[in-house]
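Notes to accompany the following structure.
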Protein chains: 2
Amino acid sequence: MTSRPPRPRDRGIPEATVARLPVYLRALQALQDRGILTVSSEALATAAGVNSAKLRKDLSHLGSYGTRGVGYEVEYLVYQISRELGLTQDWAVAIVGIGNLGRALANYGGFGSRGFRIAALLDADPGVVGQSVASIQVRHIDSLEEVVRSRGVSIGVIATPAASAQGVASRFVEAGVTSILNFAPVVLNVPDGVDVRKVDLSIELQILAFHAQRRADGDGRDARAAGLELT
Amino acid sequence: MTSRPPRPRDRGIPEATVARLPVYLRALQALQDRGILTVSSEALATAAGVNSAKLRKDLSHLGSYGTRGVGYEVEYLVYQISRELGLTQDWAVAIVGIGNLGRALANYGGFGSRGFRIAALLDADPGVVGQSVASIQVRHIDSLEEVVRSRGVSIGVIATPAASAQGVASRFVEAGVTSILNFAPVVLNVPDGVDVRKVDLSIELQILAFHAQRRADGDGRDARAAGLELT
DNA sequence: ACGCGCTTGTGAAAGCGCGCACAAAGTGGG
DNA sequence: CCCACTTTGTGCGCGCTTTCACAAGCGCGT
């Protein structure tokens, strides 16, 4: 709107677009690894599993980074998306709950290369505290506040059992963490201004089951015929 | 029109609603554990973290299971949602890739109680094959087809490294599995009719980082004013 | 029996996201 | 220099989602 020339990108990037940028970024990095310098929206869209028009519209929210008749320069686009997502800066992450899931997260290589640094691993179990996971020593949950402060943790990951999750979340918030990724199957209660994202392993399975059942129901008879009766 | 009284629910449930039903179900089961028999849309909506009007509209797609002036009977609603999601039947799940994530999934108690049964664990690593995880013996990936057939596996879970995911997916499809839950950070290529859902641990982190950066940008100064300077 | 208060179920409106289709813009060949 | 070809960026319409607001319905107390 107002100052357009010096500021091509708009601050209001649609949420749906934000959710896809990491997918594009990953596809672009894969292309980069293969030594590809330039890519068309069509090719990138295929690699990312989306419609090419959607891809172009998504990228247009960041600015006009393509060249008509040519496509997008891979390296440049990687940089622009990274910057937009905030991956050019360093994010200190603390993981609470070092069970199998916590270990899986700690060992997940993709973090380090994308601007995320695991600053601390915390657990309540004395048998786990002191162990070394992914070359990081697990500390007791009691030191959460101290760790957050001293290491500048800005993102908290909760991989505890459901019963402990709300308590951990509250302590994170109290300590000043405003971004939380929650793997526990509970709805967290946090004040405004705190951003919580939830990843729920079993919800996805249930959605799959719903569709599978739906397919099975319409199996044998025509799916459209089933839609005819009733209403 | 035809058989309406015995079949009040409509087949066309919006996708957005389906994605929320598991959340309602979990909230309801928590209420049930606390001995609560009846709940209003307002209370349930709060527990599930959604707007009450949205909740009512979602439930209305299943049928009229509430009582005006009173609310919803918890037990009845649990049954209705479970049935709609297909959780009253038994789903055999095979998990491929028994690393930390695969173990976390195998040990995740929530599955068994919700209609999902882990029918098999598979891995390519000879060092892992033969181990017992969650009281199930890990078998070699080569027996995937045999296992799917003999155990009636209908849902495949991929928890392998990215490089192996597409191969596993193709084998699942080949073996007749039409529902796949993918934890590997790649876009899977599958034929029409196969339902793939993706859970990506690092994408969620990147979305959090975006919002955190956004908050940080507008910090101190007015958010709108921040849009003026720099590039 | 009746009315009052509470809660559901649902029209209607507003908002958002998706994808088509095309003009604008750049490239390369002759 | 011009023309044919390629690919981006986006206006537009459509359908899905969310939210508001309220009529309809139910139970309870009197």
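Residue numbering restarts at 1 for every chain, and letters A, B, ... go by the order of the sequence lines.
Between the NE2 atom of A:H61 and the C1' atom of D:dT8 there is a distance of 15 Å, rounded to whole Å. Rounding to whole angstrom units, CD of residue B:E73 and P of D:dG27 are separated by 13 Å.
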Would you tabulate the nitrogen or oxygen pairs shorter than 3.5 Å linking the protein to nucleotides 25-30 of chain C?
from, atom 1, to, atom 2, distance (Å)
C:dA25, O4', A:R68, NE, 3.4

Detail all sub-3.5 Å separations between protein N/O atoms and N/O atoms belonging to nucleotides 15-21 of chain D.
from, atom 1, to, atom 2, distance (Å)
D:dT18, OP1, B:R20, NH1, 2.9
D:dT18, OP2, B:R20, NH1, 3.2
D:dT18, OP2, B:R20, NH2, 2.8
D:dT19, O4, B:K57, NZ, 3.0
D:dA21, N6, B:R56, NH2, 3.4

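Remark: B:Y65 is not in phosphate contact with C:dT7, judged by side-chain N or O atoms under 4.0 Å from OP1 or OP2. Regarding contacts with the backbone of D:dC26, every side-chain N or O of B:Y72 stays at 4.0 angstrom or more from both OP1 and OP2.
When the salt bridge (charged side-chain N to carboxylate O under 4.0 Å, His left out) test is applied to B:R56, no partner is found at least two apart in sequence or on another chain. For the side chain to side chain donor-acceptor pair (under 3.5 Å) test, no residue two or more places apart in sequence or in another chain qualifies with A:E73. Legend: residues meeting salt bridge (charged side-chain N to carboxylate O under 4.0 Å, His left out) with A:R197, ordered by chain and number and at least two apart, are B:E204. With sequence neighbours excluded, the residues that form a ring pair (Phe, Tyr, Trp, His ring centres under 6.0 Å) with B:Y76 are B:Y65. For B:A169, the side-chain contact (heavy atoms from CB on, under 4.5 Å) partners are B:I158, B:Q166, B:I180, B:L188, not counting sequence neighbours. Residues passing the side-chain contact (heavy atoms from CB on, under 4.5 Å) test with A:P161 are A:S164, sequence neighbours excluded.
Sorted by first and then second residue, the side-chain hydrogen bond (donor to acceptor under 3.5 Å, both in side chains) pairs involving residues 176-188 of chain B (not counting sequence neighbours) are A:R215-B:T178, A:R215-B:S179.
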Could you pull out every donor-acceptor pair under 3.5 Å between side chains of residues 99-107 of chain A and any protein atom, sequence neighbours left out?
from, atom 1, to, atom 2, distance (Å)
A:R103, NH1, A:Q131, OE1, 3.2
A:R103, NH2, A:I98, O, 3.3
A:N107, ND2, A:R103, O, 3.0

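Put simply, the side chain of B:W91 never gets that close to the backbone of A:L208: no donor and acceptor are under 3.5 Å apart. Looking only at distances, a side-chain donor or acceptor of A:Q213 sits under 3.5 Å from a matching main-chain atom of B:E84.
Across residues 33-45 of chain B, B:S40, B:S41 each have a non-hydrogen atom less than 4.0 Å from an atom of DNA chain C (numbered order).
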Structure string for DNA chain C in dot-bracket form, Watson-Crick and G-U at under 3.5 Å, | interchain:
||||||||||||||||||||||||||||||
